[in-house]
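Read the structure below first, then the notes.
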Amino acid sequence: MSSEARAERHDLHPRERVEDFLERGWWTDETIDAVFRATARERGDALAIVDPANRVDLLGSEPRRLTWTEVDSEVTHLAARLLELGVGPGDLVGVQLPNTIELAELYLAAWTIGAGVSPMAMQYREHELETMAGTADFDVFVTCQRFGDRSPAAAAVEILDRLPSVRRVITLGAAEEASGSGLG
């Protein structure tokens, strides 16, 4: 994507509206990343997030419970991994993950490195992925290897040639969920 198209993507609000909202105190310069990091420092060993009880049925791995410190560590690691995979500031990450710890961590990691996130429902299939990726110009697509009895990652790879803006499909989840995928 050209730098002009990327810049246009970021101009979501007229400058006058932004200045008005800042002046009224409705918006601030505080970022979600900064709020998250401050909360992680403050709350440390307190429970931060819990996977759904049916995770094993959905993804094949046991549910987890993480403290703020653990989430902070995993988000930092994921942000570094995304950068290694070529995701950077201004990129748009299409994401199709169930409501698990990894979904929350992906949002936080993407925002940490300055990327945006465009979510997709788990019910969506190739048609919706092709339509949404084509409309939004996803730079990368993040999904899971397994969801119930299907593989969203394999389905995305199958149609990758019809997703011209998508540079890469990345799988996210526990090691046992991604084993043998060869993706990422």
Side-chain angles (χ1 to χ4, degrees), residues 1-15 17-19 21-22 24-44 46-52 59 64-122 124 129 132-133 135-144 152-153 156 163 165-174 177-178 183-184:
M1 175 180 295
S2 73
S3 58
E4 292 166 0
R6 203 176 295 282
E8 184 178 308
R9 185 191 285 172
H10 296 139
D11 294 335
L12 299 177
H13 302 282
R15 187 76 211 145
R17 179 182 295 157
V18 171
E19 289 170 7
F21 285 9
L22 287 169
R24 293 172 187 252
W26 295 349
W27 287 359
T28 69
D29 291 334
E30 190 172 44
T31 65
I32 293 172
D33 181 57
V35 171
F36 165 68
R37 303 294 173 169
T39 304
R41 280 190 305 277
E42 209 173 275
R43 305 284 318 261
L47 183 64
I49 193 166
V50 177
D51 266 326
L59 301 171
R64 300 184 307 149
R65 301 167 62 86
L66 300 180
T67 66
W68 284 97
T69 299
E70 291 167 328
V71 174
D72 185 31
S73 176
E74 289 190 11
V75 166
T76 299
H77 177 77
L78 180 55
R81 185 71 180 122
L82 290 171
L83 286 168
E84 287 171 6
L85 292 171
V87 180
D91 281 347
L92 184 59
V93 178
V95 61
Q96 186 179 38
L97 291 170
N99 191 13
T100 60
I101 289 172
E102 288 83 6
L103 178 63
E105 289 177 342
L106 177 67
Y107 272 89
L108 291 165
W111 294 335
T112 295
I113 63 175
V117 179
S118 181
M120 289 181 52
M122 288 307 302
Y124 290 174
L129 172 55
M132 291 179 75
T135 302
D137 287 328
F138 297 164
D139 295 293
V140 296
F141 183 66
V142 177
T143 190
C144 49
L163 309 173
S165 67
V166 177
R167 300 187 309 260
R168 154 173 272 159
V169 174
I170 301 169
T171 57
L172 193 56
E177 295 165 16
L183 303 173

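Residue indices begin at 1 and follow the sequence shown.
- Arg64 meets the salt bridge (Lys or Arg N to Asp or Glu O under 4.0 Å) test with Glu74, Glu102; sequence neighbours excluded.
- Applying the ring-ring contact (aromatic ring centres under 6.0 Å, His included) test to Tyr124 and every residue at least two apart in sequence or in another chain returns nothing.
- No donor-acceptor distance shorter than 3.5 angstrom exists from the side chain of Ser118 to the backbone of Gly94, with no hydrogens or angles considered.
- The closest donor-acceptor contact from the side chain of Thr143 to the backbone of Gln96 lies under 3.5 Å.
- For Trp111, the ring-ring contact (aromatic ring centres under 6.0 Å, His included) test picks out Tyr107, with sequence neighbours left out.
- Across all their heavy atoms, Ala133 and Val166 have their closest contact at CB-CG2, 4.3 Å.
- The CZ atom of Arg41 lies 14.5 Å from the CZ atom of Arg43; values are rounded to the nearest 0.5 Å.
- Note that CG of Leu97 and OG1 of Thr171 are 9.5 Å apart. Values are rounded to the nearest 0.5 Å.
- Nearest heavy atom pair, residue Pro152 against residue Cys144, reads CD-O, 3.6 Å.
- Distance OG1/Thr100 to CG/Asp51: 5.5 Å, rounded to 0.5 Å.
- Contacts of Ala156 classified as side-chain contact (heavy atoms from CB on, under 4.5 Å), with partners at least two apart in sequence or in another chain: Leu129, Phe141, Val169.
- Arg167 contributes a side-chain N or O that, together with a main-chain N or O of Gly86, makes up a donor-acceptor pair within less than 3.5 Å.
- When the side-chain contact (heavy atoms from CB on, under 4.5 Å) test is applied to Ala110, the partners found at least two apart in sequence or on another chain are Ala115, Val117.
- Taking 4.5 Å as the limit, every side-chain heavy atom of Leu85 sits out of range of all side-chain heavy atoms of Val140.
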Exercise. Report the C-alpha separation of Leu172 and Leu103 in whole Å, then their side-chain angles, then the decisive distance to 0.1 Å, and conclude whether the side chain to side chain contact (heavy atoms under 4.5 Å, CB included) test is met.
Key: CA-CA 9 Å; Leu172 193 56; Leu103 178 63; over 6 Å; no
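- For Val50, the side-chain contact (heavy atoms from CB on, under 4.5 Å) criterion is met by Leu47, Arg65, not counting sequence neighbours.
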Distance-only donor-acceptor hits, side chain of residues 31-40, under 3.5 Å, sequence neighbours excluded:
{"from": "Thr31", "atom 1": "OG1", "to": "Ala34", "atom 2": "N", "distance (Å)": "3.0"}
{"from": "Asp33", "atom 1": "OD1", "to": "Arg37", "atom 2": "NE", "distance (Å)": "3.1"}
{"from": "Asp33", "atom 1": "OD1", "to": "Thr112", "atom 2": "OG1", "distance (Å)": "2.8"}
{"from": "Arg37", "atom 1": "NH1", "to": "Asp72", "atom 2": "OD1", "distance (Å)": "2.3"}
{"from": "Arg37", "atom 1": "NH1", "to": "Thr76", "atom 2": "OG1", "distance (Å)": "2.8"}
{"from": "Arg37", "atom 1": "NH2", "to": "Thr112", "atom 2": "OG1", "distance (Å)": "3.2"}
{"from": "Thr39", "atom 1": "OG1", "to": "Val35", "atom 2": "O", "distance (Å)": "2.8"}

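- Remark: Ser73 pairs with no residue by the side chain to side chain donor-acceptor pair (under 3.5 Å) rule, at least two apart or across chains.
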Practice problem: Decide side chain to side chain contact (heavy atoms under 4.5 Å, CB included) for Phe138 and Leu163; before the verdict, give the C-alpha distance in whole Å, the side-chain angles of both, and the deciding distance to 0.1 Å. | Solution: CA-CA 9 Å; Phe138 297 164; Leu163 309 173; over 6 Å; no
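- The shortest non-hydrogen separation linking Leu82 to Ala109 is CD1-CB, 4.1 Å.
- The list of ring-ring contact (aromatic ring centres under 6.0 Å, His included) pairs with a residue in residues 70-105, not counting sequence neighbours, is empty.
- With sequence neighbours excluded, the residues that form a salt bridge (Lys or Arg N to Asp or Glu O under 4.0 Å) with Glu84 are Arg81.
- Nearest heavy atom pair, residue Asp91 against residue Val87, reads OD2-CA, 3.4 Å.
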Practice problem: Take Asp137 and Leu92 through the side chain to side chain contact (heavy atoms under 4.5 Å, CB included) test and state the conclusion after the steps. | Solution: CA-CA 7 Å; Asp137 287 328; Leu92 184 59; 5.8 Å; no
